[in-house]
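Data block below; observations after.
Convention: sequence-line order gives letters A, B, ...; per-chain numbering from 1. Please read all numbers here as calculations on a predicted model, not as lab measurements.
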Number of protein chains: 2
Amino acid sequence: MCAAKTESAASESRRPARDRIFEAAKDLFYRYGIRAVGVESIAAEADATKMTLYRNFNSKDELVAECLRDHDREFWEWWANVLAPHADEPKAQLMALMEAFSRDCEECLRGCPMNNAVVELHEEGHPGRAVIVENKIQIRERLLALCREIGARDPEILADAFYLLIEGAYISQLTLKGEDGPAKTLPRIGETLIAAETGK
Amino acid sequence: MCAAKTESAASESRRPARDRIFEAAKDLFYRYGIRAVGVESIAAEADATKMTLYRNFNSKDELVAECLRDHDREFWEWWANVLAPHADEPKAQLMALMEAFSRDCEECLRGCPMNNAVVELHEEGHPGRAVIVENKIQIRERLLALCREIGARDPEILADAFYLLIEGAYISQLTLKGEDGPAKTLPRIGETLIAAETGK
DNA sequence: TCGAAATGTTACTGACCGGTAACTCACAGG
DNA sequence: CCTGTGAGTTACCGGTCAGTAACATTTCGA
């Protein structure tokens, strides 16, 4: 038994079970969807047991929400890293975002974990929904702030254009993936929009 | 018993069970998601039984695929109706599409049924996936044809811009719904893009 | 009116779901 | 050395899942 363990020498100290379970849950939920993944398979993937899962998380729904919070945290870390090289240059930051989103859409496995999750979480009161909605509101607001900074004629319109383009790029990754997908045109479209909505 | 029946007098002739089941399945899948809806609840909603469902459809997966085919058929019917009033005026047709998509995103219940379904259908060989992918390919191609007709400088880029905007509008309906959602800006953005990508 | 087709009814299978109880074990720090 | 704690183990709960069998009933066209 235990033949499947790949890396454990006899008494090697492993990471806490909670972390292993959390990481496995995040991965499986993203890969296969939330309803498609049972708590038992999460525990198995983490080389732990269902009991340990329930000692660390109140319910599957709470575990889902926790995973989404971590996706949110990772996302804004990623966002900050994209903007960092172009401090105080809002136009360059917007373009860097478009290029980064375009690249991420080509590399990622299944689009945006937030959007994927919200499709499955139809229950209005699910603890994960608030995390997702807040994430989207923030994205829209930060895009709007950037569009104001570059002096766009109509910042709300331009920001919404960027917002829709990004969301469309992620969701289309699930159907039209690959080198010739529409997501790769993000930077070119961004360029055109900025030129059209500022004084060129 | 039978108190819940709303419209049947004693021997009133009802629509065939297959149609009732099909319609119920389409509605429930769209409303609550595919995995969240069991075959028994579909039969109940159709005022039929699970056995009748399985006499008319080989499996739940086949029923799902059938529903998606009908969504596809309805979509292109809708699309044709939007274009019809502007025959041989590709620019007006594109603008009519943007306005129609914008309106539909505000009115619809849960965004695009195709995108919602593809999130849940992670299995590569699911009979519904082909329907969805083909639908998306067709949308992209028809947008490209229209963008060629209006003499866009770079029709591929413009068509992909429209494609991403539409997809983004539908998916954002699940999180930022309501009057002030980003989908309402579709026509304005379309106008700007067309102006920028044609000779104005 | 007759008979076949469509549909309903009931019961069932085996598998899986989220979640819990009760017990054991290993190891840490005091 | 003892004890508290995190973790593993096993078995179980009630419920639901997709799908099927066997039989009764209704419907409707010929």
Given atom [atom1] of [X] and atom [atom2] of [N], what is their separation to the nearest angstrom?
{"X": "A:R15", "N": "D:dA7", "atom1": "CZ", "atom2": "C1'", "answer": "16 Å"}
{"X": "B:M51", "N": "D:dA18", "atom1": "CE", "atom2": "C1'", "answer": "13 Å"}
{"X": "A:R35", "N": "D:dA18", "atom1": "CZ", "atom2": "P", "answer": "11 Å"}
{"X": "B:E40", "N": "D:dG15", "atom1": "CD", "atom2": "P", "answer": "15 Å"}
{"X": "B:Y32", "N": "D:dT16", "atom1": "OH", "atom2": "P", "answer": "16 Å"}

Open item on the list: Both A:G38 and B:T49 contact DNA chain C. Which one's nearest nucleotide lies toward the 5' end?
Closed with: B:T49

Open item on the list: On DNA chain C, does the nearest nucleotide to A:I34 precede the nearest nucleotide to B:I21 from the 5' side, or the other way round? Give the residue.
Closed with: B:I21

Open item on the list: Below 4.0 angstrom, which residues in residues 53-62 of chain B have at least one non-hydrogen atom near DNA chain D?
Closed with: B:Y54, B:R55, B:S59, B:K60

Between side-chain atoms of residues 76-86 of chain A and protein atoms elsewhere (two or more places apart, or another chain), which donor-acceptor pairs fall under 3.5 Å?
from: A:W76; atom 1: NE1; to: A:D72; atom 2: OD1; distance (Å): 3.1
from: A:E77; atom 1: OE1; to: A:R73; atom 2: NH1; distance (Å): 3.2
from: A:N81; atom 1: ND2; to: A:E77; atom 2: O; distance (Å): 3.4

TODO: Run the salt-bridge test on B:R69 and B:E74 with the 4.0 Å N-O cut-off and return the result as yes or no.
DONE: no

Task: From C:dT7, C:dT10, C:dG19, nucleotide with atom closest to A:K50 side chain - done: C:dG19

- [ ] Output all residues satisfying salt bridge (charged side-chain N to carboxylate O under 4.0 Å, His left out) with A:R35, sequence neighbours left out; order by chain, then residue number.
- [x] none

Open item on the list: Is the phosphate of D:dG8 approached by A:T52 (side-chain N or O, under 4.0 Å from OP1 or OP2)?
Closed with: yes

- [ ] Tell me, please, which residues at least two apart from A:E45 pass side-chain hydrogen bond (donor to acceptor under 3.5 Å, both in side chains).
- [x] none

- [ ] Determine which pairs satisfy side-chain hydrogen bond (donor to acceptor under 3.5 Å, both in side chains) with at least one residue from residues 92-110 of chain B, sequence neighbours left out, and list them in order.
- [x] B:D104-B:Y170

Open item on the list: If hydrophobic residues (ILVMFWY) are linked whenever their side-chain heavy atoms come closer than 4.5 Å, directly or via other members, who joins A:L109 in its cluster?
Closed with: A:Y30

